[in-house]
Amino acid sequence: MNILFAASECAPFIKTGGLADVVGALPKELAKKGDDVRVIIPKYSLIPEKYRAQMTYAGQFEVQFGFGRKGCGIMQLEMDGVTYYFLDSDDFFCVSRIYGDYIVEGHRFAFFCRAVIESLKVIGFTPDVLHLNDWQTGLIAALLKTQYRYDPKLSSIRTVYSIHNLQYQGVFNWYEMNSVLGLDDWLCSPEYLEFYGNMNCMKAGLVFADKILTVSPTYAEEIKMPYFGEQLDGLIRKRGADVLGILNGIDTEFFDPATDPAIAQNYSTRTRRKKVANKLALQREMGLPEREDVAVIGFCSRFASQKGLDLIECVLRDILRMDVQMVFLGSGDGHFTNVIEWAHLQWPEKLACYIGFNEPLSHRIYAGCDLFLMPSKFEPCGLSQLISLRYGTIPVVRETGGLRDSIRPYNQYTDEGNGFSFANYNAHEMLFTLERAVRYYQEDKEMWDRLMARAMKCNFGWSSSAAKYRALYKNLLKH
C-alpha cells in the first residue's frame, strides 16, 4: 500500500508531545511490512540544523490562499525506510512556537492543509490511504471531499483521521478562516464545520474522513459520552460504526534501558538490580539525599488539570508525610508551576523539580524512579506509563483511556498485574492507592522485584498496533 501521514509534528524533527512520537514511530513500523510509507509536515524554522542539512529539494508549487497565491517549496529526507516531506513557507512556518497566536495559527494550518493536497501533484506519489492527525490536518478531509472531489488523481484517496486529544479542536472565526479557504456556504452549518458560529477544524475530520481512529480502545468509547466528548459526542456517536481505537505503542529501540545513552547505568530485565544506580544518580542530579531505600515517585507531563495536578495539589502534604521523594518534570499552567516550585522550597529534601522540557532528563526519571504517577482526568492513550514499564518503574494511574487499556492493577492474591490504579477522579483515592504501592515497595522486596520483572517484559512496541493499522487500511481499500 501507498500510505501518507500528514501531521503538524513528527519526532525527531519537531516535537511538543505524544503526537510527534506516534508519527515518528508508526510509519517506520509500517515500512518494515513492505508498504511505501511517507510523512508530510511543515518545515518549521525550529527544526534542528542537523536535519535541515540532510534535506534535498523536491519541488515547488503555488497554493490558492484567499484572493492570491502563495509559493511553497518541498524538501525531502529519507530515514529508516520512510520518506519525509517538509512543506517550506517562510510566511507560515518561520515561527518561534508551532502552536498559539489564535488566527495566525488557524491560517498556518489552513495553508498547510491545502498545501498537502497540492503537493501530491508535485511529488509524484498518490497515496492509497492518507492518514490525518488531529485538528491541524482535519480540513484536508473536507477539502478532498468538496473542492477536490472531481480531481481524477485525488478522488480515489481514502482518509483515516486520528484523534490524539479531542480537547484541542482548532476552533477559529468562520469568516477569518473562510476568507482564505473559500469553502461552500453549505459547510457553515451544524451538520458540517460550523461550531457555535465558528469553524471547527477537528469537526472537519470527524465529518468527512472515511474512518476515525483514537489512540486507545477505551478512549474510543469514552468520547461518545458527554463528559469526555468535548461537545462533539453527538457527532461521534453518529459516526459510531466508523470509530475505532488502537492502542499506541512506543519506540522500543529509543526507549531501551539496556542501551539508552541518557541514563547513568544501563540495565535489562535480567540485570534489573543495576537500576538502583540510576536512582542514586537522579537523586544527586536533582539535589535530593542519596538513599537506596526510599521510594522515588516521578511525574513527567504538562502541568495541567487534565494530568491530575489538582489531585496532587490537594494531597501533596499527605504524600510527602510518607517516606518518599518526588521528582517533577514539565511546564504549563502557571498555578501548578507555582505549586510545585513552592513545594520544592518547603521540602527541598523530599521534592525536586525541573520546569521546562528536557528529553534526556525524562529518560533519567523513567530509569531512576520506583513509581511513576499519572492520575489523569482523561488520557487518550498516554505514552509515559508504557515507557515507565519499559524501565521497570511501576505506574500508578487513574483508570481512564489508554491508562486503563495498558495498566492491570496488582492483585495480591494472584500475584498478577503490572501497576496500581484507582477508578474515581478523587484525590484521596489516588492517595490511598499511592500509599498501598509505597507500602508494597517498603515491606515486600521480593514481590516488588517480581513486579518490576513483569513490567519490563510487557510488550508495547509498535509491531502489534501496526498490524491493526494495516488491517484497517486494507479493509478500507476494499470498499
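Quick caveat, the model's predicted, so the values are computed rather than measured. Numbers here simply count residues along the sequence, with the first being 1.
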A.B. asks: Using the salt bridge (Lys or Arg N to Asp or Glu O under 4.0 Å) rule, take Arg291 and Asp323 through it: C-alpha gap first, then chi angles, then the decisive distance, then the call.
C.D. replies: CA-CA 11 Å; Arg291 291 178 52 196; Asp323 187 20; 2.9 Å; yes
A.B. asks: For Arg454 and Lys457: C-alpha separation, side-chain torsions, deciding distance, then whether side-chain contact (heavy atoms from CB on, under 4.5 Å) applies.
C.D. replies: CA-CA 5 Å; Arg454 196 178 306 127; Lys457 289 176 182 176; 5.9 Å; no
A.B. asks: Please examine the side chains of Leu193 and Trp174, heavy atoms only from C-beta on, and report whether any two atoms are closer than 4.5 Å.
C.D. replies: yes
A.B. asks: Within a radius of less than 6.0 Å around CZ of Arg317, do more than 12 heavy atoms belonging to other residues, nucleotides or ligands occur?
C.D. replies: no
A.B. asks: Determine whether Leu371 and Val296 satisfy the following criterion, side-chain contact (heavy atoms from CB on, under 4.5 Å), listing intermediate values before the conclusion.
C.D. replies: CA-CA 6 Å; Leu371 293 159; Val296 180; over 6 Å; no
A.B. asks: When you compare the side chains of Thr393 and Lys275, does any donor N or O come within less than 3.5 Å of an acceptor on the partner?
C.D. replies: yes
A.B. asks: Hey, does the side chain of Arg408 reach the backbone of Asn418 with a donor-acceptor pair shorter than 3.5 angstrom?
C.D. replies: no
A.B. asks: So how far is it from Asn426 CG to Leu431 CG, rounded to the nearest 0.5 Å?
C.D. replies: 9.5 Å
A.B. asks: Between Phe328 and Phe299, how do the two ring planes meet: parallel, tilted or perpendicular, split at 30° and 60°?
C.D. replies: tilted
A.B. asks: Determine, step by step, whether Leu181 and Arg114 satisfy the side-chain contact (heavy atoms from CB on, under 4.5 Å) criterion, reporting the C-alpha distance in whole Å, the side-chain angles of both residues, the deciding distance to 0.1 Å, and the verdict.
C.D. replies: CA-CA 8 Å; Leu181 287 168; Arg114 192 179 291 283; 4.2 Å; yes
A.B. asks: Cut-off 3.5 Å, side chains only: do Gln265 and Asn278 have a donor facing an acceptor?
C.D. replies: no
A.B. asks: Is any side-chain heavy atom of Asp256 closer than 4.5 Å to a side-chain heavy atom of Asp260?
C.D. replies: no
A.B. asks: Centroid-to-centroid, Phe420 to Phe432, below 6.0 Å?
C.D. replies: no
A.B. asks: Between Ser421 and Tyr410, is any side-chain donor less than 3.5 angstrom from a side-chain acceptor?
C.D. replies: no
A.B. asks: Just by distance, with hydrogens left out, do Ser376 and Gln306 show a side-chain donor and acceptor under 3.5 Å apart?
C.D. replies: no
A.B. asks: Is a side-chain N or O of Thr218 found less than 3.5 angstrom from the main chain of Thr400, in a donor-acceptor match?
C.D. replies: no
A.B. asks: Salt bridge (Lys or Arg N to Asp or Glu O under 4.0 Å) for Glu290 and Lys279? Distances and angles first, verdict last.
C.D. replies: CA-CA 8 Å; Glu290 293 180 43; Lys279 174 193 282 192; over 6 Å; no
A.B. asks: Counting the benzene-type ring for Trp, do Tyr219 and His164 have ring centres under 6.0 Å apart?
C.D. replies: no
A.B. asks: Assess, by modelled atom type and distance only, whether the side chains of Gln385 and Ser406 contain a donor and an acceptor separated by less than 3.5 Å.
C.D. replies: yes
A.B. asks: In a table with atom names and distances, give each donor-acceptor pair under 3.5 Å that connects a side chain of residues 332-343 to protein atoms at least two apart or in another chain.
C.D. replies:
unit_1 : atom_1 : unit_2 : atom_2 : d
Asp333 : OD1    : His335 : N      : 2.7
His335 : NE2    : Glu313 : OE1    : 3.1
His335 : NE2    : Glu313 : OE2    : 3.1
Thr337 : OG1    : Asp333 : O      : 3.0
Asn338 : ND2    : Gly334 : O      : 3.2

A.B. asks: Identify the heavy atoms of Met286 and Leu361 that sit nearest to each other, and give their distance.
C.D. replies: SD-CD1, 4.1 Å
A.B. asks: Please work out which of the three classes, parallel, tilted or perpendicular, describes the rings of Phe65 and Phe92, given edges at 30° and 60°.
C.D. replies: perpendicular
A.B. asks: Would you check, one step at a time, whether the test side chain to side chain donor-acceptor pair (under 3.5 Å) holds for Gln169 with Glu230?
C.D. replies: CA-CA 9 Å; Gln169 299 179 7; Glu230 303 290 347; 5.0 Å; no
A.B. asks: State, with a plain yes or no, whether a side-chain heavy atom of Ile355 is found less than 4.5 Å away from one of Phe303.
C.D. replies: yes
A.B. asks: Carefully, step by step, assess Lys307 and Glu379 under the rule salt bridge (Lys or Arg N to Asp or Glu O under 4.0 Å).
C.D. replies: CA-CA 8 Å; Lys307 298 298 183 178; Glu379 195 65 63; 3.0 Å; yes
A.B. asks: Indicate whether any N or O donor in one side chain lies under 3.5 Å from an N or O acceptor in the other, for Glu9 and Thr16.
C.D. replies: yes
A.B. asks: So does Gln54 have more than 12 non-hydrogen atoms from other groups sitting under 6.0 Å from CD?
C.D. replies: yes
A.B. asks: Go through Tyr196 and Gln231 one step at a time and tell me if the side chain to side chain donor-acceptor pair (under 3.5 Å) criterion holds.
C.D. replies: CA-CA 11 Å; Tyr196 298 97; Gln231 298 182 289; 3.3 Å; yes
A.B. asks: Just checking, any donor-acceptor pair under 3.5 angstrom between side chains of Tyr85 and Arg38?
C.D. replies: yes
A.B. asks: Does Lys224, at its NZ atom, have more than 12 non-hydrogen atoms belonging to other residues, nucleotides or ligands within less than 6.0 Å?
C.D. replies: yes
A.B. asks: Under 3.5 Å, is there a donor-acceptor pair linking the side chains of Tyr425 and Asp310?
C.D. replies: yes
A.B. asks: Kindly state whether the ring of Phe172 and the ring of His107 have centres lying under 6.0 angstrom apart.
C.D. replies: no
A.B. asks: Please step through ring pair (Phe, Tyr, Trp, His ring centres under 6.0 Å) for the pair Phe372 and Tyr366, ending with a clear verdict.
C.D. replies: CA-CA 8 Å; Phe372 194 90; Tyr366 291 126; 5.3 Å; yes
A.B. asks: Measure from NZ or CZ of Lys445 to the centre of the six-membered ring of Tyr441 and say whether it is under 6.0 Å with the direction within 45° of the ring axis.
C.D. replies: yes
A.B. asks: Restricting to non-hydrogen atoms, name the atom on Phe112 and the atom on Thr137 that form the minimum distance, rounded to 0.1 Å.
C.D. replies: CE2-CG2, 3.9 Å
A.B. asks: Any side-chain donor-acceptor pair under 3.5 Å between Ser8 and Tyr99?
C.D. replies: yes
A.B. asks: Show your reasoning for whether side-chain contact (heavy atoms from CB on, under 4.5 Å) applies to Val95 and Arg108.
C.D. replies: CA-CA 10 Å; Val95 294; Arg108 178 180 306 141; 3.5 Å; yes
A.B. asks: How about Thr433 and Met430: do any of their side-chain heavy atoms sit closer than 4.5 Å?
C.D. replies: no
A.B. asks: Closest approach of Ala423 and Glu429, non-hydrogen atoms and distance?
C.D. replies: N-OE2, 3.1 Å
